There are 2 protein chains.
Amino acid sequence: MGRGRVTLADVALAAGVSSTTASLVLSGRGDELRISDTVQHRVREVSESLGYRPNILSVGLRRGSSLALGFVSDTVATSQLAGDLIKGALEAAHERGLMLFIAESEGDPKVERRLLNALLDRQVDGVVLASMFTQTRRLPSGLDHGPAVLLNALPREPHPTIPSVVPDELEAGRAAARLLLEAGHRSIHLVGAGPRREDTPPGTVAGRERLQGILEVLADAGLEPTSGYLHEDWLPQHGWAATQRILAADGAGSAIITFNDRLAFGAYQALHEAGLRVPQDMSLVSFDDAPVAEWLRPGLTTFAIPHYDLGHRAVELLLETIAARRDGGPAPAGVHRLPMPLRARESVAPPRS
Amino acid sequence: MGRGRVTLADVALAAGVSSTTASLVLSGRGDELRISDTVQHRVREVSESLGYRPNILSVGLRRGSSLALGFVSDTVATSQLAGDLIKGALEAAHERGLMLFIAESEGDPKVERRLLNALLDRQVDGVVLASMFTQTRRLPSGLDHGPAVLLNALPREPHPTIPSVVPDELEAGRAAARLLLEAGHRSIHLVGAGPRREDTPPGTVAGRERLQGILEVLADAGLEPTSGYLHEDWLPQHGWAATQRILAADGAGSAIITFNDRLAFGAYQALHEAGLRVPQDMSLVSFDDAPVAEWLRPGLTTFAIPHYDLGHRAVELLLETIAARRDGGPAPAGVHRLPMPLRARESVAPPRS
DNA sequence: GACGGTTGCTAAATCGTCTTAGCACCTGCA
DNA sequence: TGCAGGTGCTAAGACGATTTAGCAACCGTC
């Protein structure tokens, strides 16, 4: 692909100038180096008419940068949820004329290492390391050599030059609890984690922080969760089972916070099967804003993971990091938390009285 | 990223040989060109200990190939369904040591053109052109220059060197109808397209071919669909509305084929709300195998779009096309249809009486 | 009429790898 | 002694762009 392309030399020849001149004109340095307007015009015309496009491999070899970024995820590209993560990254890159290599490590550090090497061999200008679930992770060795950003992941130890971008789960947890309190609920069940602060699925930041935010707000109101169901996976069947247990218990309460929308889906099923109605008999609030949240009847009120923004922001930060290295300016290190916007639908109402 | 890397010249210097020798040894042509075992061994040792890795930009510049492929989709990367499409492509590429540039055109031919150019500028060895929905499309100009494959798309006119990979929708349509006939159903509703052959949403191949397969098998059994509901979009709300109309009509029939799983989701909702049970009161068969198919209770029987296989196959075909160009062998043109496997769950049973 | 300053352009090196052509040395044979 | 034929390695030139250093021509000045 691309052999037989028009090269700078072809343009120069056709315009009757040296390739130096052609290069200067086309890179906009013509005035600076006093190339006459006549020649500049001619070069541009010829370039246009031949359809000249620079070979980026060559430019990259010369400049040591490939105008490409790497995006390595554990399994994000394949996930049902996180296509938008990639989309955001893609668009941020395209806005600046960069292309994105995408790769998946399946969570295997060896594969990750291999992929990072393959990317470095291709002289990528920087790397986004993404996770499917927000998690704390070790940084692979050798990442210090080049600009990098963590996406949906936090470094095990704070890193001086590698920023990370995550959803603000803590604040979303608070907001979810506040939403129910403000609707008048006093008896709130948790499905997915809780009731105690340490009852969170191992390895996920989302569970820990959402729970923390919820408990914090409840405590401020002098409350505790009526019950809590910890599940390692957050699948519909778990939401279904937990909701059945909630309904079987005395004083079933008036609201449930599910830790993601799949759990909520299961909760809806259990409520329907029990002949109960959302939100009249039970209010629900959830997290993620998966597509199913909109399909459910009534629509599920949930706090969205801002996938697109996360991806977009990660690449922006990466570009800032690259620019900072180049210009010696300050690099945007630290943790960047993006708000999880409320998607208010119809699953919350005041309790029955 | 990558400045200050160990180069071939560094290795050669440290091993006390010319870079020609180092190159020959490391590319495995040492024996062929009679480099002594001593020297070969030394070069390899030095290369290893310095951690030498070839600069692929440079190799690419020299050889005119970048060991990278492009994957341009209309909007597939962001779709909820099709992450596996990318995953399959990714893995097929990684198996051969190639990396994948991913890009999204949003269905805009101008953007697509721009992205293709950006990929060609980077000397990609080939391009996968993917669609979210199986559709017939025009080929962008300039694609003839390099190896290319259509994924989930058919060329408007057959192309001598560009293969395409699509799900075998026609056969899946037949299989869906057969499944219901074999369960004993004689009154079958269609939701999404039909009842007549020309009642398909414009622009989608899936709708046309699924319907064609269904009608064919029904006709062979001397039947026609009891009713059909054409919708341009296939969202839950449409499935819900169509199902309500089915239930409102006399002689409601005993089975529904929904043209995708979101429609089926809506159908489940309408059936539940009417107090009817799947599969006792109504059997359902669908297409896609979206995650929700598994979450529904009872599980939805559906024919899966083989996303992973499609992606994997597309890249394999692309690599064959590339090899064919290189070696002058036969190129794998034409349309490749991959089977849509049945995911048999619990939504089909014999009719009531 | 020699010199300095501008104007307008180019030669050549460089990035890192691959590849063609060929050099220097040795052995064996006539 | 001379030459053919191997053996083991290297010089040098691509690939396609960028960039540094500098050359030729002209003008004006003293």
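Please read all numbers here as calculations on a predicted model, not as lab measurements. In the text below, chain A, chain B and the rest are named by the order of the sequence lines, each starting its count at 1.
For the side chain to side chain contact (heavy atoms under 4.5 Å, CB included) with Ile162(B), the qualifying choice from Val149(B), Leu318(B), Leu139(B) is Leu139(B), the only one to do so. Just one of Leu150(B), Asp74(B), Val166(B), Leu154(B) meets the side chain to side chain contact (heavy atoms under 4.5 Å, CB included) condition when paired with Ser131(B); it is Asp74(B).
We find that CZ of Arg122(A) is positioned 14 Å from P of dT17(C), with the value rounded to whole Å. What separates CG of Leu13(A) from P of dG16(D) is a distance of 14 Å, to the nearest Å. When the P atom of dG16(D) is taken as reference, atom CG of Leu61(A) falls 12 Å away, rounded to whole Å. dC26(C) atom P lies 16 Å from atom CZ of Arg34(B), rounded to whole Å. Summarising the geometry, the separation between CZ on Arg63(A) and P on dT19(D) is reported as 7 Å, rounded to the nearest angstrom. Distance CD (Gln40(B)) to P (dG8(D)): 11 Å, rounded to an integer number of Å. Rounding to whole angstrom units, CG of residue Leu33(A) and P of dG22(D) are separated by 15 Å. At whole-Å resolution of the value, CZ in Arg5(B) and C1' in dC15(C) are 13 Å apart.
For Asn152(B) (side chain) and Phe133(B) (main-chain N/O), no donor-acceptor pair under 3.5 Å exists by modelled atom type.
Place Ser19(A) and Ile35(A) on DNA chain C by their nearest nucleotides, and Ile35(A) ends up nearer the 5' end.
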Checklist entry - Do Thr20(B) and Ser23(B) pass the side-chain hydrogen bond (donor to acceptor under 3.5 Å, both in side chains) test, and can you show the C-alpha distance, the side-chain angles, and the key distance before you say yes or no? => result CA-CA 5 Å; Thr20(B) 305; Ser23(B) 172; over 6 Å; no

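Near DNA chain C, defined here as any heavy-atom distance below 4.0 Å, there are no residues from residues 46-58 of chain A. Residues of residues 21-30 of chain B that place a heavy atom closer than 4.0 Å to DNA chain C, in numerical order, are Ser23(B), Arg29(B).
When all heavy atoms are compared, the tightest approach of His94(A) to Ile102(B) is NE2-O, 4.2 Å. Residue Val72(A) comes nearest to Val127(A) through the heavy atom pair CG2-CG1, 4.5 Å, listed as atom of the first residue, atom of the second, then distance.
If you check distances only, the side chain of Thr20(A) does reach the base of dA12(C) with a donor-acceptor pair under 3.5 Å.
When side chains are defined from C-beta on, Val124(A) does not count as touching Leu69(A), because their heavy atoms never get closer than 4.5 Å.
Salt-bridge annotation for Arg44(A) and Asp37(A): absent, with no side-chain N of the basic residue lying under 4.0 Å from a carboxylate O of the acidic one.
Qualifying salt bridge (charged side-chain N to carboxylate O under 4.0 Å, His left out) partners for Glu95(B), counting only residues two or more places apart in sequence or in other chains: none.
Across all strands, Leu8(A) comes closer than 4.0 Å to base atoms (heavy-atom distances). Among the protein residues, Thr7(A) comes within range of the sugar-phosphate backbone only, with heavy atoms under 4.0 Å from sugar or phosphate atoms but none that close to a base.
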